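A short write-up of the structure that comes next.
Given the structure is predicted, the values throughout are model-derived calculations rather than measurements. Just so we're on the same page: letters track the sequence lines, and every chain starts at 1.
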Protein chains: 2
Amino acid sequence: MMPITLDRIDRRILAALQRDGRLTNVELAREVGLSPSPCLRRVRLLEEAGVIDRYVALLNAEKIGYGMSVFVRIWLKGQDKDTVQGFIDAVQQLGQIVECHQLAGDCDFLLRVVAENLEAYRRFQSEHLARIAGISSLKTDIPLLNVKSRTELPVLPG
Amino acid sequence: MMPITLDRIDRRILAALQRDGRLTNVELAREVGLSPSPCLRRVRLLEEAGVIDRYVALLNAEKIGYGMSVFVRIWLKGQDKDTVQGFIDAVQQLGQIVECHQLAGDCDFLLRVVAENLEAYRRFQSEHLARIAGISSLKTDIPLLNVKSRTELPVLPG
DNA sequence: GAAATAGCGGCATATGATGCCAATAACTCT
DNA sequence: AGAGTTATTGGCATCATATGCCGCTATTTC
């Protein structure tokens, strides 16, 4: 996939929308130094090109009862297609698993799971996670502090 | 922090806005089965309560040249305040580090770093990451496949 | 230097957001 | 159970914003 050529104004648009996806076009235009018309045209082009993937609302996990986020490293029994695909399919079914990456190296998969609290996670692990076929072993890492968690990708110099 | 009581309509609103943060209030109202006025009022209340933290645009990393995302596990030389805080401060300065969690257990920190490609990451590691004071050792995990990467938290039953 | 191209700004119209008010539904207390 | 109270809804009027079109300007190309 070819990276797309972005000029300084495009980058400012992307920085602004990554920060606030609900900026009105008028505000965005003012911020990047254009009039609304060409600004909107650039946004549409960035959307159509897939540079802007989508707009989402981010919730405060604690406010809706998910006080805890846990990392889980998983080792499978084998790397054959059935084992791996079966695991991936099971992961897709579980909404509390918000991230899952297949890794090259030490362990096979890294997950992030949200839960109400440690007890709720324990239950989730024994009732859902540990029941997935093909898992050889798993290790849980508990975050002490969320130092940084950005959805923004760096688009501006500096 | 107290979790907030959400009724069925609130949950539908949150699900919809997590999926598409740019839904117009008219569309959102239709989707959750309200008229625009009370729908907008609920959204404002959810925003003011902090349940909706913010709205953002999500970019396609590959389209802007970040073909690679790398996990890094870090062990510090000590757990004293100066060492830990120094590390945290350094992490905040580096835009390519998009996530950083302090962990309880095996390793001290888990990072996610975006880079143009493996060679660019290697340069980032030696020129920026490895130069942070207080690091004892570090291990890099390369994702083979992004199985799942949701910003959405589960808010609906099922 | 002339023609062609790309990108900008302004304007008119349609659509949506926002605040107010009356009506309805749910809830409470006796 | 019923009357009063509170919370929530839907509709309407107004204002702001989005959107598409057109002419203008700057830049490029030959």
Side-chain angles (χ1 to χ4, degrees), chain A residues 1-60 62-65 151-153 155-157, chain B residues 1-60 63-65 151-157:
Chain A
M1 186 184 296
M2 280 289 291
I4 289 169
T5 307
L6 303 170
D7 66 15
R8 176 165 288 111
I9 296 177
D10 288 325
R11 289 173 186 278
R12 283 203 218 123
I13 288 174
L14 294 176
L17 290 178
Q18 284 192 103
R19 180 167 43 73
D20 180 358
R22 276 227 158 156
L23 280 173
T24 67
N25 186 52
V26 173
E27 293 167 321
L28 180 61
R30 191 164 35 234
E31 185 164 336
V32 303
L34 281 181
S35 73
S37 290
C39 183
L40 183 62
R41 202 157 341 127
R42 280 171 180 264
V43 171
R44 292 286 174 266
L45 288 173
L46 291 167
E47 289 167 356
E48 282 160 27
V51 175
I52 297 174
D53 185 43
R54 60 204 185 108
Y55 300 89
V56 300
L58 300 180
L59 307 190
N60 182 327
E62 294 187 4
K63 289 276 171 69
I64 59 171
T151 55
E152 289 125 74
L153 297 171
V155 289
L156 295 175
Chain B
M1 183 185 296
M2 280 290 289
I4 288 170
T5 306
L6 303 171
D7 66 16
R8 176 164 289 111
I9 295 177
D10 288 325
R11 291 174 185 280
R12 283 204 218 124
I13 288 174
L14 294 177
L17 289 177
Q18 284 192 105
R19 180 167 43 73
D20 181 357
R22 275 226 159 159
L23 280 173
T24 67
N25 185 53
V26 173
E27 293 168 320
L28 179 61
R30 189 164 35 232
E31 185 165 334
V32 303
L34 281 179
S35 72
S37 290
C39 182
L40 183 61
R41 197 153 348 118
R42 280 170 180 266
V43 172
R44 292 286 174 265
L45 288 173
L46 291 167
E47 288 168 357
E48 282 159 27
V51 174
I52 297 174
D53 185 43
R54 61 203 184 106
Y55 300 88
V56 300
L58 300 180
L59 307 190
N60 182 326
K63 289 275 171 69
I64 59 171
T151 55
E152 289 126 72
L153 297 170
V155 290
L156 295 176

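Nearest nucleotide to the side chain of A:Thr24, out of C:dA17, D:dT8, D:dA18: D:dA18. Which of C:dA17, D:dA18, C:dG9 sits closest to the side chain of A:Asn25 comes down to D:dA18. Closest to the B:Ser37 side chain, of the nucleotides C:dG10, C:dA17, D:dC12, is D:dC12. In the set C:dA17, D:dG11, C:dG9, D:dG11 carries the atom at the smallest distance from any side-chain atom of B:Ser35.
The pair B:Arg44-B:Glu47 meets the salt-bridge criterion, since a charged nitrogen lies less than 4.0 angstrom from a carboxylate oxygen. The existence of a salt bridge linking B:Asp7 and B:Arg12 is excluded, since no basic side-chain nitrogen approaches an acidic carboxylate oxygen closer than 4.0 Å. Using a 4.0 Å cut-off between charged nitrogen and carboxylate oxygen, B:Arg54 and A:Glu152 count as a salt-bridge pair. With respect to A:Arg19 and A:Glu31, a salt bridge is recorded, a charged nitrogen being found less than 4.0 Å from a carboxylate O.
Look at CZ on A:Arg41: it is 10 Å from C1' on D:dG20, rounded to the nearest Å. Residue B:Leu34 contributes atom CG, which lies 11 Å from atom P of D:dG11 at whole-angstrom precision. The distance from atom CD of B:Glu48 to atom C1' of C:dT18 is 14 Å, rounded to the nearest whole Å. Taking atom CD of A:Glu27 as the reference point, atom C1' of D:dT17 lies 10 Å away to the nearest angstrom. Residue A:Leu40 contributes atom CG, which lies 7 Å from atom C1' of D:dA18 at whole-angstrom precision. Atom CG of A:Leu23 and atom C1' of D:dA16 are 15 Å apart (whole Å). Atom CG in A:Leu28 sits roughly 20 Å away from atom P in D:dA16 (whole-Å rounding). Atom CG in B:Leu46 sits roughly 14 Å away from atom C1' in D:dT8 (whole-Å rounding).
Here the straight-line distance linking atom CZ of A:Arg11 with atom CG of A:Leu6 works out to 5.0 Å at 0.5 Å rounding.
Contact annotation for B:Arg42: backbone-only contact, meaning every heavy-atom pair under 4.0 Å involves sugar-phosphate atoms and none involves a base.
With the nearest nucleotide of DNA chain C identified for both A:Pro38 and A:Arg22, A:Pro38 has the one nearer the 5' end.
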